[in-house]
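Below, chains carry the letters A, B, ... as their sequence lines are ordered, and counting in each starts from 1.
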There are 2 protein chains.
Amino acid sequence: MARVAGVSQSTVSIVLAGKAEGRVKPETGRAVREAAESLGYRPNVAARNLRLGRTRTVLLVVPTLASPFFGAVYTGAARDAAERGFGVVVHPWPDDANPARSPVDIEAIDGVLASSIAGGVAGLGDVPLVVMDSDPADPAPAVNFDVTGGMRAITAHLAELGHRRFGHLAAAVDAWTFRVRGEVLAEAGPLIRRTTAIDVAAARAAALDLLDRPDRPSVLVCDDDLIAAGAYKAARTLGLDVPGDLSVTGFDDILVATAVEPELTTVRLPAEELGAQAMTALLECLDGHHPPGVSLAGELIVRGSTAPPANG
Amino acid sequence: MARVAGVSQSTVSIVLAGKAEGRVKPETGRAVREAAESLGYRPNVAARNLRLGRTRTVLLVVPTLASPFFGAVYTGAARDAAERGFGVVVHPWPDDANPARSPVDIEAIDGVLASSIAGGVAGLGDVPLVVMDSDPADPAPAVNFDVTGGMRAITAHLAELGHRRFGHLAAAVDAWTFRVRGEVLAEAGPLIRRTTAIDVAAARAAALDLLDRPDRPSVLVCDDDLIAAGAYKAARTLGLDVPGDLSVTGFDDILVATAVEPELTTVRLPAEELGAQAMTALLECLDGHHPPGVSLAGELIVRGSTAPPANG
DNA sequence: GAGTCGTAGTCATACGTATCACTGATCGGC
DNA sequence: GCCGATCAGTGATACGTATGACTACGACTC
């Protein structure tokens with residue numbers, strides 16, 4: 001390669017690293033790039049990584065990718081990273097994973113972007129870390145959704161419609177984002193609550209539990225759109241019309257929200273934006289800065305699943 | 001590290017690479033591993049990659065990760081790869097991506113696993129390649145679903161119920177898997193067809209087109225579960241009951257299939273299995289073998305969206 | 001004309017691993 | 001007691017890059 005261009009290997013390195021400014025004559029630089037192009041030459045990544053001790057790769061830790069939500073987080077993060085020449089390796093961290101076993105080559109990673117919903121990011125050593133959906137008490141830099149605001153928008157909407165007493169289908173996941181939902185809802189008024197896995201069938205069973213009683217609530221507030229889909233099924237089982245006899249709200253605005261009938265009133269969380277902002281923050285950390293925490297607003301999307309309660 | 005263990009760097013390398021058999025005394029090996037453990041030492045990946053000229057990393061090319069289907073493919077592939085000490089980097093290839101621009105460091109990749117639905121895998125150079133959902137005429141080793149069998153199961157089920165004339169909501173994607181669906185359906189009997197994007201709203205519009213006519217079909221066969229969700233909405237708009245007035249079938253059995261009401265009759269495609277088998281085949285290729293093509297059977301799942309036609 | 005400075009590029013080296021060729025030591029066989 | 005063989009481990013080297021130190025050369029200053 002260097003021979004073809006008629007220069008030394010050093011010069012090739014300088015030019016292709018984009019550091020030619022003021023150190024290499026423009027025409028020499030051009031000759032190098034042309035030679036590289038014609039030979040299809042690309043610098044060896046492994047050698048570069050070895051020399052620099054950095055890999056321009058960050059790790060994304062999420063509970064699973066078999067969820068369009070985290071797929072969107074990945075998409076946003078990867079786009080943002082690519083713009084700065086970074087790659088993203090994703091590490092799904094299912095509930096049943098053994099946290100002690102880290103199948104990831106931490107040595108090959110410059111930083112970590114973790115969803116707090118994922119089990120553990122402990123034991124990853126001392127790499128720069130940005131957390132998504134994290135407890136604000138967490139010392140690590142964080143990029144969060146304004147879950148409080150989103151939940152308040154829901155309760156305000158429901159109060160305006162005339163609902164006074166809420167049923168809450170809470171996700172049985174120990175994460176800050178779900179705790180906040182519960183707290184905001186509890187502030188808003190009296191409620192009855194049931195926890196459930198984030199799963200249509202489980203949510204249906206939990207919803208039946210809440211609905212099949214004399215004092216049943218006029219609305220089911222669900223921690224997740226999938227749970228809301230389960231609530232729909234429970235309503236149908238009991239012969240309740242949504243939203244005539246029962247209002248339902250979700251959270252996230254995933255695909256399912258518009259696939260069901262009636263379409264779901266929910267809060268849209270900008271998942272791609274979350275990934276992108278979190279990646280931006282992480283890359284700031286890698287540059288030695290200390291980016292401020294970010295809070296992304298959700299947006300209440302009123303669709304057909306909410307209406308005034310039947311009994312006024 | 002070598003100093004702590006009291007041996008040379010060579011020996012450390014041999015032990016930690018797992019090649020100690022017959023070359024290093026068991027107790028020496030144990031001492032090395034203990035020293036590594038206590039120091040938290042892990043071999044440098046970049047140096048290993050440089051030395052070996054391989055990275056133990058493969059690239060997965062899919063159209064998007066914001067779909068649980070490809071998320072599942074990833075999950076299966078990653079699990080299978082991890083068992084053999086390989087990592088997976090995923091490269092979403094959206095329709096609007098510029099195929100000429102390959103943002104991936106091909107130099108850092110040992111092989112490629114590509115969904116034929118993804119735009120282009122051309123220009124990736126001469127790396128080993130396994131294709132999923134590929135045209136059987138494609139020379140590359142392939143791992144496919146038995147789409148033909150799945151589609152025949154659907155037509156057989158519908159014929160048995162008494163349906164004679166099909167409406168087909170076809171995905172407007174130029175890929176083998178969708179072409180086959182169309183061909184099998186055309187063999188099965190007379191049909192009217194409309195293409196649509198794989199999107200609830202677009203599918204609803206296409207379905208309205210098929211249904212709002214005097215000779216409307218008694219069943220809508222959809223290339224994808226999401227399209228079926230759109231068909232549901234069209235039916236509701238027209239006041240048609242599913243499955244009383246109109247049967248609907250999907251394909252894939254994604255989450256949406258059980259979130260809608262009535263739950264969808266569809267063909268379950270083992271997406272994780274696809275990813276895993278394809279990865280197995282790719283790793284075979286990397287070992288210099290030529291694995292045979294694989295065809296994975298789908299399974300007809302009869303749920304509540306199909307019934308005999310109204311007019312008998 | 002000697003000294004200084006800037007420009008354009010080269011040289012040598014180090015990153016941490018895997019592996020080939022090699023060395024001592026121990027041992028069995030005759 | 002000497003030879004060959006086996007065992008257990010070491011030494012030296014190369015992978016391809018980035019970079020600090022260095023050189024060659026001309027221009028400019030006084």
Can you tell me how far CG of Asn49(B) sits from CG of Asn49(A), rounded to the nearest 0.5 angstrom? 8.0 Å
Pull out every residue in residues 10-18 of chain B that has a heavy atom closer than 4.0 Å to any atom of DNA chain D, ordered by number, or say none. Ser10(B), Thr11(B)
Separation of Arg56(B) atom CZ from dA18(C) atom P, in whole Å? 11 Å
Side-chain touch Arg79(B)/Glu272(B), heavy atoms, less than 4.5 angstrom: yes
Looking at side-chain heavy atoms only, is the closest gap between Val62(A) and Tyr74(A) below 4.5 Å? no
Looking at every strand, decide which applies to Leu50(A) at a 4.0 Å heavy-atom threshold: base, sugar-phosphate, or nothing. base
Please determine which of Thr57(B), Thr55(B), Asp80(B), Leu283(B) meets the side-chain contact (heavy atoms from CB on, under 4.5 Å) test together with Phe86(B). Leu283(B)
Of all of residues 19-31 of chain B, which get a heavy atom below 4.0 angstrom from DNA chain C, listed by number? Lys19(B)
Looking at CG of Asp133(B) and CH2 of Trp176(B), how far apart are the two atoms once the value is rounded to the nearest 0.5 Å? 7.0 Å
Are the side chains of Leu255(A) and Leu226(B) in touch, meaning some heavy atoms are under 4.5 Å apart? yes
Between atom NZ of Lys19(A) and atom CD of Glu21(A), what is the distance when rounded to the nearest 0.5 Å? 13.0 Å
Just so I know, are the side chains of Val127(A) and Leu129(A) near enough to count as touching, which here means a heavy-atom distance under 4.5 Å? no
Which nucleotide of DNA chain D is the first, and which the last, in the 5' to 3' direction, to come under 4.0 Å of a heavy atom belonging to chain A? dG16(D) to dT19(D)
Under 4.0 Å between a side-chain nitrogen and a carboxylate oxygen: does that hold for Arg179(A) and Asp135(A)? yes
Rounding to an integer number of Å, can you tell me how far Gln9(A) CD sits from dA12(C) P? 12 Å
Taking five pairs at each terminus, the helix from dG1(C)-dC30(D) to dC30(C)-dG1(D) shows an axis bend, to 10°, of 50°
Please tabulate, for the side chains in residues 11-18 of chain B, all donor-acceptor contacts under 3.5 angstrom to protein atoms that are two or more places apart in sequence or on a different chain.
unit_1: Thr11(B); atom_1: OG1; unit_2: Ser8(B); atom_2: OG; d: 3.2

Would you be so kind as to tabulate the donor-acceptor pairs closer than 3.5 Å made by side chains of residues 22-31 of chain A, with sequence neighbours excluded?
none

Taking the side chain as every heavy atom from C-beta outward, state whether Val61(B) and Val112(B) have any atom pair closer than 4.5 Å. yes
Heavy-atom side-chain contact between Phe70(A) and Pro63(A) under 4.5 Å: yes
